[in-house]
Amino acid sequence: MVTDALFTYGSERAENTENPERIGYAIDALSMWWSGRTVSDVNENSCHAYARDMREGYQPPEAEIRRRPVGDGTIRRELGCLRAALNLCGRKGLLSSVPTVTLPPAPPAKDRWLTRDEVARLIRSARKSPRTRYLARFILTALYTGSRKSVILGLGFNPHVFGGHVDFRTAKLHRKGNAQKQTKKNAPTIPIPDRLLRHFERWQKNGAKWVVEIEGHRVAGIKNDWETIREIAGMPEVTPHTLRHTAITWAMQGGANVWHVSGFFGVTMDTLEKYYAHHHPDYVKTAVNVANKMGKS
């Protein structure tokens, strides 16, 4: 059964991925649709049917709750999770053959970044309720460091093996713990910006053990509370990843050295060139200068 393959992947590999929470959501969505189907049912037609139902908002048989419609980016991640699960079962000898999982085309990259006024509005929305107030710390940390959500939620004020930590002695942020698996998503250790360091010092002085916490406990996921504050702020399209995109965009708009941007945010030069170069004040500058001189004697 497809659900057996998903269970195998979830129990054996999901915890070692960069974002176990996202894998969990994908497995939940996949299990809802593929329930009762076998691996032999996985083909191009069934993958297209899955994508179509998810775009429209799928409601399982005899279920009262319909899943809200999702875009191709989400569908690609979910079907990518199915592909990984089937490949794992193939390597373990649980399948005689591994079917091809067909993904929808990748959607165009979003260039949604926040203005400083929008950031202020988002923080005010987080602070409106005691239940979501902790997200103000998440937002600040994301904007100052451009770190991914999973990295920020794992940051402690003392070293631990399963996540990064704040090193007050050297004023550096270690994004990963010693026991964490290195992935293609680079998470380098970086100097902590002065303003953020002062926030960290104040939070720890007030008794915090984690950068993002609720009543002294580390926060595992922010999905529901994030949806609450972005609706209050009137920005339903903004995701936690938008904060990372915003931090990199601001750095480029400020004219930062692109090599330094790459090293600080853990983003490749190819990605900077492809998605962020147009924000830099020096983008095609010399070409424009030459064009301005054309025709002059």
Side-chain angles (χ1 to χ4, degrees), residues 9-28 77 81 84 122-123 126 131-193 195-227 229-230 238-248 263-267:
Y9 181 69
S11 59
E12 296 189 15
R13 291 296 173 87
E15 287 298 324
N16 295 321
T17 61
E18 178 71 20
N19 195 336
E21 181 189 14
R22 175 176 286 183
I23 297 297
Y25 290 134
I27 290 176
D28 285 345
R77 286 195 297 271
C81 177
L122 197 61
I123 292 176
R131 184 173 64 85
T132 60
R133 193 167 294 153
Y134 72 94
L135 285 173
R137 293 187 179 187
F138 175 87
I139 295 168
L140 287 171
T141 305
L143 288 171
Y144 276 112
T145 69
S147 299
R148 295 177 175 86
K149 178 183 70 173
S150 57
V151 168
I152 296 173
L153 296 183
L155 291 175
F157 286 122
N158 292 297
H160 63 111
V161 295
F162 299 110
H165 72 279
V166 177
D167 188 337
F168 289 104
R169 182 179 60 85
T170 62
K172 289 188 176 181
L173 184 72
H174 298 273
R175 286 187 170 115
K176 280 190 174 289
N178 294 333
Q180 285 188 290
K181 180 181 178 181
Q182 294 298 319
T183 69
K184 63 181 180 180
K185 294 182 178 179
N186 193 18
T189 295
I190 57 169
I192 303 172
R195 289 186 178 180
L196 182 61
L197 182 61
R198 289 196 288 272
H199 283 301
F200 284 164
E201 290 171 341
R202 186 178 74 256
W203 298 343
Q204 188 200 42
K205 184 178 180 180
N206 290 336
K209 298 178 181 178
W210 305 92
V211 169
V212 179
E213 66 175 31
I214 298 177
E215 296 180 352
H217 299 288
R218 184 171 71 88
V219 177
I222 64 174
K223 185 175 185 291
N224 293 334
D225 289 339
W226 183 266
E227 290 180 355
I229 71 164
R230 71 182 183 180
V238 171
T239 68
H241 190 75
T242 304
L243 301 177
R244 172 173 167 82
H245 185 63
T246 297
I248 299 172
F264 185 83
F265 295 108
V267 61

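In what follows, every heavy atom counts, from backbone to side chain, and hydrogens, waters and symmetry copies are set aside.
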Got Ile139 and Trp226 here, is their nearest side-chain heavy-atom distance under 4.5 Å?
yes
Pairwise side-chain contact, His160 with Trp210, heavy-atom cut-off 4.5 Å (strictly under):
yes
Quick one: side chain to side chain contact (heavy atoms under 4.5 Å, CB included) partners of Thr239, sequence neighbours excluded?
Arg230, His241, Thr242
Is any side-chain heavy atom of Phe264 closer than 4.5 Å to a side-chain heavy atom of Pro193?
yes
Please give me the minimum heavy-atom distance between Gly263 and Ile190, naming the atom from each residue.
O-CG2, 4.4 Å
Residue set satisfying salt bridge (charged side-chain N to carboxylate O under 4.0 Å, His left out) with Lys209, at least two apart, ordered chain then number -> none
Report yes if the side chains of Leu243 and Leu122 come closer than 4.5 Å at any heavy-atom pair, otherwise no.
yes
Distance-only donor-acceptor hits, side chain of residues 199-207, under 3.5 Å, sequence neighbours excluded:
{"from": "His199", "atom 1": "ND1", "to": "Arg202", "atom 2": "NH1", "distance (Å)": "3.4"}
{"from": "His199", "atom 1": "ND1", "to": "Arg202", "atom 2": "NH2", "distance (Å)": "3.1"}
{"from": "Asn206", "atom 1": "ND2", "to": "Arg202", "atom 2": "O", "distance (Å)": "3.3"}

Side chains of residues 163-171: which donor-acceptor pairs under 3.5 Å do they make with residues two or more places apart or in other chains?
{"from": "Asp167", "atom 1": "OD1", "to": "Arg169", "atom 2": "N", "distance (Å)": "3.0"}
{"from": "Asp167", "atom 1": "OD1", "to": "Thr170", "atom 2": "N", "distance (Å)": "3.3"}
{"from": "Asp167", "atom 1": "OD2", "to": "Thr170", "atom 2": "OG1", "distance (Å)": "3.2"}

Residues at least two apart in sequence or cross-chain that pass salt bridge (charged side-chain N to carboxylate O under 4.0 Å, His left out) with Arg198, listed by chain then number, are none
Looking only at heavy atoms, the pair that brings Tyr9 and Cys81 closest together is CE2-SG, 3.9 Å
Between atom NZ of Lys176 and atom OG of Ser150, what is the distance when rounded to the nearest 0.5 Å?
7.0 Å
Partner residues of Tyr134 under the side chain to side chain contact (heavy atoms under 4.5 Å, CB included) criterion, sequence neighbours left out
Val212, Ile214, Val219, Ile222, Asp225
Polar side-chain atom of Arg244 near backbone of Gly146 as donor-acceptor pair, under 3.5 Å
yes
Do the non-hydrogen side-chain atoms of Val151 and Thr145 ever get within less than 4.5 Å of each other?
no
Using 0.5 Å steps for rounding, measure from the CD1 atom of Ile192 to the OG1 atom of Thr141.
9.5 Å
At their closest point, which heavy atom of Leu135 faces which heavy atom of Ala126, and how far apart are they?
CB-CB, 4.1 Å
Return the CZ to CZ distance between Arg218 and Phe162, rounded to the nearest 0.5 Å.
10.0 Å
Testing Ile123, Val211, Leu153 one by one against Phe138 for a side-chain contact (heavy atoms from CB on, under 4.5 Å), which residue passes?
Leu153
When rounded to the nearest 0.5 Å, the distance separating CZ of Arg137 from CG of Leu196 is 11.5 Å
